[in-house]
Amino acid sequence: MSVILRLLTVVGSHRKCHATTLPPLTFFFTRQLQSFSSQEILHYRLQRCSSMAHLKLLHAHIVVLGLSQENFTLGKLISFAAVDERGDIDYAALVFNRIPQPNRFMFNSLIRGYSNGSRGPSEAIAMYREMLSSGVSPNEFTLPFVLKACAVESSHWLSTLLHGHGIKLGICSHVCVQNALMNALIGFRMTSDARKLFDEIDEKSLVSWNSMIGGYSRAGQTMEAFNLFRRMKDSRVGPDEITFVSLLSACSQARDSDLGMLVHLFIEMTGVQADLILRNALLDMYGKCGHLDSAEKIFRQTPEKNVISWTSLVTAYARNGCIKSARELFAQMPIRNAVSWNSLISAYLQNGHFGEVLSLFEEMQDSGFIPDEATLATVLSACAQIGDMAIGKRIHAYACETNLIALPIALANSLIAMYAKCGEVATALDIFREVQCKNLVSWNIAMGCLALQGCGAEAIELFREMEALGIQPDGITFTGLLTACSHSGLINLGRYYFERMMSVHSIPPEIEHYACMIDLLGRGGLLEEAIMLVGTMPMRADIVIWGSLLGACRIHKFAEMGRVLLKQLLELLPHSSGLCVLLSNLYSEAGRWEDRRKIRKIMNDIGVAKCDAISYIEIDGLVYEFMVDDRRSRWSNSIYPVLDRLTDHLKLEVPSGTL
DNA sequence: TTAGGGTTAG
């Protein structure tokens with residue numbers, strides 16, 4: 001009794017601190033104290049535990065009361081520490097490790113804690129192994145969390161093994177286990193296998209439907225997600241806010257605002273409570289679909305915004321070209337994280353402000369935020385665009401320091417692209433060769449960069465290597481391959497691959513593939529074949545294609561053909577300065593000065609403005625920008641005489657008309 | 001005798 005009194009004293013003093021969270025306790029202790037054991041009182045307290053400090057106090061009581069061997073009590077303690085968001089998984093493990101024979105509930109709690117937490121899902125898998133070796137049999141509560149850990153760890157073989165365990169233990173008929181197996185397949189991007197499993201579930205729960213709809217959404221299969229949603233309604237399982245979040249996410253990816261607005265209407269009709277996550281999903285959908293007014297309205301109407309609400313609107317502004325609004329909103333953000341910084345940095349990259357990308361990168365670090373993989377990839381892309389290899393190399397070093405075992409594949413791909421675009425093709429290929437888990441993107445980047453740097457033969461060799469390894473190419477692969485053929489003047493090989501693209505790989509040619517072929521044929525002087533190919537295109541030719549044809553006319557001095565082309569083109573694209581300049585050059589090189597004067601007049605009359613093209617050059621680690629006839633530099637008086645001398649030398653070396 | 005699965009931003 002004295003122990004109970006001591007406990008009451010402590011609990012009583014504690015109650016003062018937590019009066020609002022524990023109102024029934026006074027009644028519990030004063031009226032019914034005699035009918036409860038000290039163990040039951042502890043269980044009551046553990047169920048209402050509110051913090052780790054509180055839990056540690058209760059743990060002390062367990063020790064004082066001599067209940068340290070009571071597995072049921074300790075199980076509740078471990079469960080709070082491992083699973084609750086206010087818990088501490090290390091404390092749970094500490095208690096667990098001192099128990100001679102932990103029971104299944106304890107194992108399940110720790111596995112669940114590890115699978116949810118930031119400590120890494122591999123700990124969950126290790127704990128499952130320990131569970132098996134301890135002779136404790138898993139049950140239907142164990143498997144869902146180990147499967148979740150498998151999905152994060154990308155361990156498909158382990159999830160298959162677990163499926164086998166589930167069958168052996170006879171627990172695969174539980175809908176939660178079935179849902180977990182399905183979600184693991186979705187995580188491995190095996191959407192059609194997940195669907196087969198989904199169809200086999202007899203008693204589908206709301207989570208089953210949401211998992212499969214979410215799976216389609218993540219895979220970008222918008223129509224499948226909506227078809228399943230229709231079936232869900234027929235099966236009389238009512239959607240909840242999570243169903244709608246997945247559907248909106250699918251609409252965002254597909255940039256389908258009509259479908260998105262229908263979902264919005266449906267949410268309002270069904271009366272589902274729009275929580276913060278659902279509001280954020282609506283905001284994101286409107287922002288990505290270009291409906292800035294609606295996105296702003298939802299943002300304003302959201303009473304308690306989180307960092308995702310703010311970042312979504314910053315992204316919406318950036319994607320719609322409102323870089324100033326994005327910057328202003330970012331400045332007002334009450335809380336930021338790495339993603340919000342990345343969002344703003346990407347905004348500047350997307351809008352071509354590469355210098356600003358680099359200064360924001362510095363600012364991000366000065367503000368105490370650690371750049372992550374996405375930050376580094378974005379900044380590397382800016383380095384590639386302006387040829388700033390000095391910063392690119394610094395990022396490479398930083399990435400290697402923070403990823404000691406292996407670079408994440410997306411980061412390795414960005415590095416390959418950066419080195420290649422900065423002209424360090426050998427370094428780019430070294431990294432490409434070193435990367436263990438190359439994906440199709442890695443191959444495409446390496447091939448595309450080799451092609452652009454004029455290493456056509458090497459790019460084609462890389463494609464042959466890909467084919468030999470059985471890696472299925474995509475449309476981007478063929479853009480690189482055809483560019484390689486074009487830049488190396490390999491007309492027959494270009495024709496061969498263009499034909500195989502459809503006949504062997506079932507990839508229908510897109511406009512960029514036609515552009516490569518027309519460029520290849522045009523450069524080779526096969527203007528008629530190039531024009532015939534334009535005629536067979538299933539889509540309208542764009543400025544790139546017409547530009548290629550005009551460029552070919554210029555190289556091969558087909559001034560008259562160029563004039564006919566341009567006449568048609570100016571009707572289609574009246575404000576294209578690039579086309580007008582091309583024709584103007586074409587006339588001047590053919591010595592047709594009167595025609596050249598006319599085209600310049602047309603440009604003036606219709607208000608075609610020639611955009612200034614900015615170039616960048618890196619000298620001693622500093623990047624300088626310049627444009628044609630740029631006199632801004634204080635070194636201009638020294639630069640231009642050297643440039644004139646270089647031009648004179650070039651004129652002597654290169655055949656006339658090509659400069 | 002305790003408990004579980006699905007969702008939003010770069």
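Here is the naming used below: chain letters follow the sequence lines, and residue numbers restart at 1 for every chain. Only a predicted model underlies this, so the values are computations on that prediction, with no experimental measurement involved.
- Taking atom CG on Leu77(A) and atom P on dT1(B), their separation rounds to 21 Å, with Å as the unit.
- Listed by chain and number, the residues in a salt bridge (charged side-chain N to carboxylate O under 4.0 Å, His left out) with Glu362(A) are Arg394(A) (sequence neighbours excluded).
- Rounded to an integer number of Å, the gap from His43(A) NE2 to dA3(B) P is 13 Å.
- In this view, Arg195(A) and Asp199(A) satisfy the salt bridge (charged side-chain N to carboxylate O under 4.0 Å, His left out) rule, not counting sequence neighbours.
- As judged by a 4.0 angstrom heavy-atom cut-off over every strand, Val175(A) is placed among the base-contacting residues.
- Within the structure, salt bridge (charged side-chain N to carboxylate O under 4.0 Å, His left out) pairs that include any residue of residues 60-69 of chain A do not occur (at least two apart or interchain).
- If you measure from atom CG of Asp84(A) to atom P of dT2(B), you get 19 Å, rounded to the nearest angstrom.
- A straight line from CG of Asn179(A) to C1' of dG5(B) spans 5 Å, rounded to a whole angstrom.
- Near DNA chain B, meaning a heavy atom under 4.0 Å from it, residues 270-283 of chain A has Ile277(A), Asn280(A) in order of number.
- Within the nucleic acid shown, Asn71(A) has no heavy atom closer than 4.0 Å to any nucleic acid atom.
- Stacking between Phe141(A) and the base of dA3(B) is present: ring centres sit under 5.5 Å apart and the planes differ by under 30 degrees.
- Protein atom OH of Tyr44(A) is 19 Å distant from nucleotide atom C1' of dT1(B), rounded to whole Å.
- Taking every side-chain heavy atom of Ser246(A) into account, dT7(B) is the closest of dG5(B), dT7(B), dA9(B).
- Distance CG (Leu110(A)) to C1' (dG4(B)): 16 Å, rounded to an integer number of Å.
- Contact annotation for Arg319(A): backbone-only contact, meaning every heavy-atom pair under 4.0 Å involves sugar-phosphate atoms and none involves a base.
- Spacing between atom CZ of Phe72(A) and atom C1' of dA3(B) amounts to 11 Å, rounded to whole angstrom units.
- To the nearest angstrom, P of dT2(B) lies 19 Å from CG of Leu42(A).
- Salt-bridge annotation for Glu200(A) and Lys196(A): absent, with no side-chain N of the basic residue lying under 4.0 Å from a carboxylate O of the acidic one.
- Cation-pi geometry between Arg231(A) and Phe229(A) is not met at under 6.0 angstrom from the ring centre and within 45 degrees of the axis.
- Atom CD1 in Ile125(A) sits 14.5 Å away from atom CZ in Phe145(A) (nearest 0.5 Å).
- Annotation: salt bridge (charged side-chain N to carboxylate O under 4.0 Å, His left out) contacts of Glu356(A) (sequence neighbours excluded): Arg327(A).
- Every residue two or more places apart in sequence or in another chain was checked for a salt bridge (charged side-chain N to carboxylate O under 4.0 Å, His left out) with Lys233(A), and none qualifies.
- Scanning atom types as modelled, one donor and one acceptor separated by under 3.5 angstrom connect the side chain of Asn337(A) and the base of dA9(B).
- Relative to the side chain of Val245(A), the nucleotides dT7(B), dA3(B), dA9(B) differ in distance, and dT7(B) lies closest.
- Of the side-chain N and O atoms in Arg336(A), none sit less than 4.0 angstrom from OP1 or OP2 of dA9(B).
- Nearest nucleotide to the side chain of Arg112(A), out of dT8(B), dT2(B), dG5(B): dG5(B).
- The residue Phe244(A) sits apart from the nucleic acid: no heavy atom pair falls under 4.0 Å.
- Applying the salt bridge (charged side-chain N to carboxylate O under 4.0 Å, His left out) definition to pairs two or more places apart or across chains, those involving residues 269-290 of chain A are Asp284(A)-Lys288(A).
- Judged by distance alone, the side chains of Tyr317(A) and Glu296(A) do bring a donor and an acceptor atom under 3.5 Å apart.
- Within the nucleic acid shown, Gln178(A) has no heavy atom closer than 4.0 Å to any nucleic acid atom.
- If you check every strand for non-hydrogen atoms under 4.0 Å, Leu206(A) touches a base.
- A donor-acceptor contact under 3.5 Å is not formed by the side chain of Thr142(A) with the base of dG4(B).
- Looking at the side chain of Lys76(A), the nearest of the listed nucleotides dG5(B), dT2(B), dG4(B) is dT2(B).
- If you check every strand for non-hydrogen atoms under 4.0 Å, Lys288(A) touches sugar and phosphate atoms only.
- A ring-ring contact (aromatic ring centres under 6.0 Å, His included) check over residues 151-184 of chain A, counting only residues at least two apart or in different chains, returns the pairs Tyr128(A)-His165(A), His156(A)-Phe188(A).
- Contact check of residues 180-200 of chain A against DNA chain B (heavy atom, cut-off under 4.0 Å) returns Asn183(A).
- Counting any heavy atom pair closer than 4.0 Å across all strands shown, Ser205(A) reaches a base atom.
- Among the protein residues, Asn108(A) comes within range of the nucleic acid bases, having at least one heavy atom under 4.0 Å from a base atom.
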